[in-house]
Protein chains: 2
Amino acid sequence: MTDLEKSMESMITVFNKYAHDGKNGKALTKKELRKLIETELPNFLKSQKNPNTVDHIMKDLDQNKDDELDFEEFMPFIAGLTMACEKYCSMSQKCKKMSID
Amino acid sequence: MTDLEKSMESMITVFNKYAHDGKNGKALTKKELRKLIETELPNFLKSQKNPNTVDHIMKDLDQNKDDELDFEEFMPFIAGLTMACEKYCSMSQKCKKMSID
């Protein structure tokens, strides 16, 4: 398996670790989502000032409003976070380069 | 680092491995995208009947039509593939369960 394939598999594995068996397959309740974030993304919540962050995330992601997140509703959260990380990393590299030049 | 954080970092690392330094930061040309897919997702292209798959992917992802994919244009491709994999895995598990019952 390549690194990219391992990453893709790992995201599914992590989701399934916290999700329960819902009517239409694996899904996260808000409580399970909070547990996943606190355990798998420990720095994320600490960096958030708003104590209701998980509520807002759940509301934004829960497209069909069934109070659960299936994987298709969950994945955009990880994609968004990854894009934010990449943006932050590339900007801080630019700053480092400018301070060296 | 948790498994989820490693996955997120790994997707950024893989992208940067194939991307060049474009005007607005790291970006993939179609050629670089093809190289990434052939190397990091070897089974994906083999499973595609259409020889122009990479052209279609590029066209779909290149939102600003600059013939390059920045990370924000690339990430939805990985998210989509991961969702397709998760759906395939959960359906094949359901089939296994039905055949056992």
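All chains are named by letter (A, B, ...) in the order of the sequence lines, taking the proteins before the strands, and each is independently numbered beginning at 1.
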Identify which part of [X] has an atom lying under 4.5 Å from any heavy atom of chain A, answering side chain, backbone, both or neither.
| X | value |
| --- | --- |
| Thr39(B) | backbone |
| Met75(B) | side chain |
| Leu36(B) | side chain |

field: Side-chain donor/acceptor of Ser10(B) to backbone N/O of Lys6(B), under 3.5 Å
entry: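 Absent.
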- prompt: Just by modelled atom types, is the Asp66(B) backbone N or O under 3.5 Å from a matching donor or acceptor in the Asp62(B) side chain?
  reply: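 Yes; judged by distance alone, with no hydrogens or angles, the pair exists.
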message: Once rounded to the nearest 0.5 Å, what's the spacing between atom CG of Leu4(A) and atom CE of Met11(B)?
response: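 Between Leu4(A) CG and Met11(B) CE, I get 8.0 Å after rounding to 0.5 Å.
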query: What residues, two or more places apart in sequence or in another chain, satisfy ring pair (Phe, Tyr, Trp, His ring centres under 6.0 Å) together with Phe15(A)?
result: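 Ring pair (Phe, Tyr, Trp, His ring centres under 6.0 Å) list for Phe15(A), sorted by chain: Phe71(A), Phe74(A).
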